[in-house]
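The next block holds one structure in the form of structure tokens; read it before the comments.
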There are 2 protein chains.
Amino acid sequence: MTRTAKRPPRITSFDVAEAAGVSQSTVSRALAGDPSISEPTRLRVAEAARKLNYQVDENAARLRRGRTGTLAIVLICRPGQDRKDINPFYYSLLGSACAAASARGYEVLVSFQDGPDNFWGHYQERRKADGLIVIGTTSNAAAWDYFGQLPEGTHWVCWGAPRDDFAWVRSDNLSGATLATRHMLVRDYTRIVCIGSLTSPQRQFIERYEGYAQAMDNAGLEPRLEHIESGLPREEQGRRAAARLVESGAAFDGIFAVCDEMALGALKELTARGVRVPEDVGVVGFDGIRAGAWSSPPLTTIEPDFQTAGTLLVDRLLAMINGEEGSARRVPVRLVVRGSTRA
Amino acid sequence: MTRTAKRPPRITSFDVAEAAGVSQSTVSRALAGDPSISEPTRLRVAEAARKLNYQVDENAARLRRGRTGTLAIVLICRPGQDRKDINPFYYSLLGSACAAASARGYEVLVSFQDGPDNFWGHYQERRKADGLIVIGTTSNAAAWDYFGQLPEGTHWVCWGAPRDDFAWVRSDNLSGATLATRHMLVRDYTRIVCIGSLTSPQRQFIERYEGYAQAMDNAGLEPRLEHIESGLPREEQGRRAAARLVESGAAFDGIFAVCDEMALGALKELTARGVRVPEDVGVVGFDGIRAGAWSSPPLTTIEPDFQTAGTLLVDRLLAMINGEEGSARRVPVRLVVRGSTRA
DNA sequence: TTGTAAGCGTTATCAG
DNA sequence: CTGATAACGCTTACAA
């Protein structure tokens, strides 16, 4: 029997006012912590509210205030992608951004978007949120185009966009890649190849290659790029690049892959071909995904500080909402040494 | 200079009414698809709305309607746990539930909660959401107590609770465990041990042990449980259980672990001790976490259908909200054969 | 088929 | 320090 559940009679600030023997507006002020309310009154109101189990209706409050106290987070996926196959990196980012928003007193609205019938960014116009954090795969060009064309006045920041003219936050890729490369150099790997791309829409990949190249230059060594084939899963790109590297017969003893999934693919391929890691070849990735801890050998990698990442995204957005200047947009990274480079 | 951004003048349904030459209520009805509105009028209104770039203010609408069209999802973490260390299983569940809610036309509010200063479930009283999905670690007893004590009338469903008297949805653990065990039996593993627990608050673990035990019984074999030590990370529990198993000297050729992280720990320990997987010993886990695909060898496992999981959670909650009977609460599972069992 | 008007439950302004 | 009173922008009886 489908019957609309009868709505329980709602307790309003009026009820609390009556119970506390004050006016309704006093209740509102007392509960909001308005300093003009005297301590005894505040206590009386608080007590009455507690007794009646009163809670403010946020919709009414937001309607009146004009602000929502809510941020929206949109996670862009590959079209048709199952939610379980989303790169855990983005989930970590999502979690950290949620935490940061909560810490700032904001509620968070989350949505996963992957195609034109899904794209939706009018959170502000509908008064659902005060601003928007867009994170996710660079590869979904249509999604980034969509968000780039939102009406002027839309407050939004992003992570992962293929363009630089949005308000972005990203890892300190240059330092990270340099760190990774130096780590290998110090461990006596000298013929280090970078698996990556200079033509990918992923700005990050380019920045990481540059960090690698700088570190090599500084050591008086020749940087070398093994280009990935586009349109394949990251793992497969890494695997094939490693295969080509081995087959080319060129001497190499180190691989710096511009992301962990490529590094894991390369690792598998090397092992399958009898190349010993870390003895014959060292491998370092970038991103710090969890799966790297489970590979064999576990993957040495560069990991961004996720907590800072979430905080920067949220703070940058809030600054934009309040018409202030945004500050830092680079997330610090650290080297996580595991088994794929020798001690 | 921190200046409150001047709010742009809002376009209301009144403006649209004026532009279309109709009354405000007609605009509301036309845009809401009320069948009593004539086609020409609807078109005129739609056109005016489009031109003015009008979007309804959801707060006003919700205030009037009394419903929010929003569901809250709370992800319970271990106290102090970094968001990047959350079991990806829960992230997958979160993603799937979000997708299901969207498909039903609901917006989703997400929050991560891990301790008493964080716990908050009064979404309905504050009119922030119509109901609540609580998912996450069984181990945070305080959290489950908190949600169990929410006021009557709170609509909520959960995944992971240590108790059976909540409205829950979970994997078909019995079938899954049976499936896993049969898979090993068919591959000529006969001395199969279960790594798990009968005393853990995790109901799931008990159900999985039972599925395993039934399959063994049916094959005329003796089930055997290697009990995990409580209070340790799952991986460590698996590792130690495997170590004890080897050291005990008892003959065994198969391990069914009640979750993937234990299975991965066991896998590492076996390999480290020179036990060959899958030749000497087969290993099967449960949950289908991504990292299982990267271990060496990759882990054979039982994976729940995440999409169905999300749908069941959402549908059960919506049924509760509408005062209907809930239906299915068991999520079907499938066997994913990878390298940790022989062909 | 459309218009009129009454709220929904707050917060903010303005007196006192 | 506190109390009236007007919005906030929509949906939905009730009338026409």
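Letters A, B, ... are given to chains in the order of the sequence lines, protein chains preceding strands, and every chain is numbered from 1. Quick caveat, the model's predicted, so the values are computed rather than measured.
- In this model, the phosphate group of dT2(D) is approached by a side-chain N or O of S38(A) to a distance below 4.0 Å at OP1 or OP2.
- Residues passing the side chain to side chain contact (heavy atoms under 4.5 Å, CB included) test with Q55(A) are H122(B), E125(B), R126(B), sequence neighbours excluded.
- Of the charged side-chain nitrogens involved, none lies within less than 4.0 Å of a carboxylate oxygen, so that R78(A) and D85(A) do not count as a salt-bridged pair.
- Ion pairing of R170(A) with D164(A) is present here, as a side-chain N (NZ or NE/NH1/NH2) and a carboxylate O approach within less than 4.0 Å.
- Not a single salt bridge (charged side-chain N to carboxylate O under 4.0 Å, His left out) links R44(A) to another residue, sequence neighbours left out.
- Residues forming a salt bridge (charged side-chain N to carboxylate O under 4.0 Å, His left out) with D117(B) (at least two apart in sequence, or on another chain): none.
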Under 4.0 Å protein heavy-atom contact, by nucleotide of nucleotides 8-16 of chain D - B base, S sugar-phosphate only
BBBBBB---
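- Using a 4.5 Å cut-off on side-chain heavy atoms (C-beta onward), V331(A) and W159(A) make contact.
- Bounding nucleotides for the chain B contact on DNA chain C, 5' to 3', at a heavy-atom distance below 4.0 Å, are dT1(C) to dG9(C).
- A donor and an acceptor atom, one from each side chain of T154(A) and Q124(A), are nowhere located under 3.5 Å apart.
- The main-chain N or O of Q24(B) is never found under 3.5 Å from a side-chain atom of S13(B) such that the two would form a donor-acceptor pair.
- In this structure, the side chain of Q81(B) does not engage the main chain of D114(B) through any donor-acceptor pair within 3.5 Å.
- Of the residues in residues 39-47 of chain B, none has a non-hydrogen atom less than 4.0 angstrom from any atom of DNA chain D.
- Checked against a 6.0 Å centroid threshold, the rings of F89(B) and F306(B) count as neighbours.
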